[in-house]
Amino acid sequence: MKIATWNVNSLNVRLPHVLEWLSRAGPDVLVLQEIKQVTEAFDVNSFSAAGYRSMASGQKTYNGVAVISRGEATDIVTDFPGYADPQRRILVSTIDGVRVVNLYVPNGHSVGSEKYEYKLGWLAALNAFLSGELETHEKLVVLGDFNIAPDDRDVHDPEKWGEDILCSPPERAALQGLIDLGLSDVFRQFEQPEKTFSWWDYRAAGFRRNAGLRIDLILASRALSDACGASYIDREPRTWERPSDHTPVIAEFSV
DNA sequence: ATGGTGGTCCAACCA
């Protein structure tokens, strides 16, 4: 199974990019974040014409997640049980025997802000949810825009970023809490070029200067991480006309 | 050191 994640920053704008990338990369599963459209506006037909099934959990203007897959998606979950949240940030399903958890983790704005507290609370709810999912699904992958750079290697200028948002110790501790459930960051199972990132700020020529972060992650349970043959980031869509500020992150599993 | 870009939707919010 070849699986990928991409924050598209508006599917209305980026649909042509997504279709182009699907045709070039041919993943079995592609999960999207920030589709920024209501579920009813999600264009299932464009994906079925490309040979994919698809579904979305959308909302107006902000957030919104979608899953595009060759195989059928079953046992769909769109909310953490017991955690009421109008923001559409998760889409969980089982595809070809793999539990696929698509996430758009809150950004958090700045350390100590109200949005930051929401982010940490959301991550606690995620931890509780995944703890349960891991009990019932041996093959589980958690992927998406985590809005957390795991460590200094994932930051273009660690001195400058310091312990700011996306890099603060409580955020990194929350990510470690997920790892401690029995998940691993498959990108780091392989030799990677230095300064490989998945997001570059539109401002201040971030991409031209490679001033980026690796905040789009693929975490896999033991049964899957053992079966992971490759994980890499495809920078190319970030070079296209009118790009998303994120680029696809891919993992290949022999399942 | 500051301000820079982009999406949604038209003023202001979010990233």
Side-chain angles (χ1 to χ4, degrees), chain A residues 5-21 30-43 46 56-66 68 85-91 102-123 126 143-150 154-168 170-172 174-175 197-217 233-249:
Chain A
T5 176
W6 194 2
N7 178 323
V8 293
N9 185 24
S10 167
L11 188 56
N12 288 321
V13 173
R14 235 66 67 187
L15 180 62
H17 284 199
V18 174
L19 293 170
E20 175 65 22
W21 192 78
L30 171 63
V31 305
L32 305 177
Q33 304 85 35
E34 283 203 273
I35 66 170
K36 294 186 173 178
Q37 61 190 179
V38 295
T39 304
E40 297 70 37
F42 180 74
D43 186 3
S46 287
S57 178
Q59 72 177 84
K60 188 172 153 65
T61 311
Y62 301 119
N63 311 311
V65 284
I68 300 160
D85 186 355
Q87 301 190 29
R88 302 293 81 199
R89 296 181 175 277
I90 69 166
L91 188 49
N102 176 17
L103 301 181
Y104 177 45
V105 176
N107 171 282
H109 186 258
S110 56
V111 175
S113 67
E114 228 171 84
K115 292 193 176 78
Y116 183 72
E117 295 308 318
Y118 165 64
K119 180 178 195 172
L120 295 180
W122 195 95
L123 287 165
L126 170 65
L143 74 172
D145 179 356
F146 280 69
N147 270 315
I148 302 171
D154 304 309
V155 181
H156 69 94
D157 187 346
E159 290 286 316
K160 176 166 176 274
W161 276 82
E163 298 188 348
D164 286 352
I165 194 67
L166 313 184
C167 297
S168 75
E171 292 168 85
R172 286 176 168 171
L175 177 61
F197 305 123
S198 65
W199 168 86
W200 299 262
D201 203 316
Y202 286 124
R203 295 166 289 188
F207 186 62
R208 185 180 55 71
R209 299 186 294 117
N210 195 33
L213 301 175
R214 188 176 69 95
I215 54 177
D216 299 272
L217 310 178
I233 296 176
D234 182 1
R235 289 169 56 97
E236 202 185 330
R238 191 62 175 78
T239 70
W240 294 347
E241 187 100 11
R242 207 178 177 193
S244 169
D245 46 351
H246 296 250
T247 208
V249 180

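Residue numbers start from 1 in every chain, and the chains themselves are labelled A, B, ... in the order their sequence lines are given, proteins ahead of strands.
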Please report the distance separating the [atom1] of [N] from the corresponding atom of [M], rounded so that it comes out in whole Å.
N: B:dG3; M: B:dG7; atom1: P; value: 23 Å
N: B:dG4; M: B:dA15; atom1: C1'; value: 14 Å
N: B:dC10; M: B:dT5; atom1: P; value: 22 Å
N: B:dT2; M: B:dG6; atom1: P; value: 23 Å

Distance alone, cut at 3.5 Å: any donor-acceptor contact between the side chains of A:R88 and A:N63? no
Would you kindly give the [atom1]-to-[atom2] distance between [X] and [N], to the nearest whole Å?
X: A:L11; N: B:dG7; atom1: CG; atom2: P; value: 13 Å
X: A:H17; N: B:dG6; atom1: NE2; atom2: P; value: 13 Å
X: A:D245; N: B:dA15; atom1: CG; atom2: P; value: 11 Å
X: A:Q59; N: B:dT8; atom1: CD; atom2: P; value: 13 Å
X: A:E34; N: B:dT8; atom1: CD; atom2: P; value: 10 Å
X: A:D145; N: B:dA15; atom1: CG; atom2: P; value: 10 Å
X: A:D216; N: B:dA15; atom1: CG; atom2: C1'; value: 13 Å
X: A:N63; N: B:dG7; atom1: CG; atom2: P; value: 17 Å

Phosphate OP1/OP2 of [N]: any [X] side-chain N/O under 4.0 Å:
X: A:R14; N: B:dG7; answer: yes
X: A:R203; N: B:dA15; answer: no
X: A:T61; N: B:dG7; answer: no

For the backbone of [Y] and the side chain of [X], can you confirm whether one donor and one acceptor N or O come within less than 3.5 Å of each other?
X: A:S198; Y: A:H246; result: no
X: A:Y202; Y: A:D245; result: yes
X: A:E171; Y: A:I148; result: no

How far apart are the C-alpha atoms of A:D145 and A:W199, what are their side-chain angles, what is the distance that settles it, and do they pass the side-chain contact (heavy atoms from CB on, under 4.5 Å) test? CA-CA 10 Å; A:D145 179 356; A:W199 168 86; over 6 Å; no
Looking only at heavy atoms, what is the nearest atom pair of A:N107 and A:K119, with distance? O-NZ, 3.0 Å
Do [X] and [Y] touch side chain to side chain, with heavy atoms closer than 4.5 Å?
X: A:N9; Y: A:R14; answer: yes
X: A:Y118; Y: A:H109; answer: no
X: A:F146; Y: A:I215; answer: no

Atom NZ of A:K60 and atom CD of A:Q37: how far apart are they, to the nearest 0.5 Å? 12.5 Å
Would you sketch DNA chain B in dot-bracket for me? Only Watson-Crick or G-U wobble pairs with both distances under 3.5 Å count, crossing pairs as [ ], other-strand pairs as |, the rest as dots. ....((((...))))
What is the nucleic acid contact for A:R209, judged by heavy atoms within less than 4.0 Å: base, sugar-phosphate only, or nothing? nothing
Please write out each protein N/O paired with an N/O of nucleotides 11-14 of chain B under 3.5 Å, distance rounded to 0.1 Å.
| residue | atom | partner | partner atom | Å |
| --- | --- | --- | --- | --- |
| B:dC13 | O2 | A:Y62 | OH | 3.4 |
| B:dC14 | OP1 | A:K115 | NZ | 3.3 |
| B:dC14 | OP2 | A:K115 | NZ | 3.1 |

If you find the nucleotide of DNA chain B closest to A:Q87 and the one closest to A:A204, which residue's nucleotide is nearer the 5' end? A:A204
Could you check A:P106 against A:K60 and say which one's nearest nucleotide on DNA chain B is further toward the 5' end? A:K60
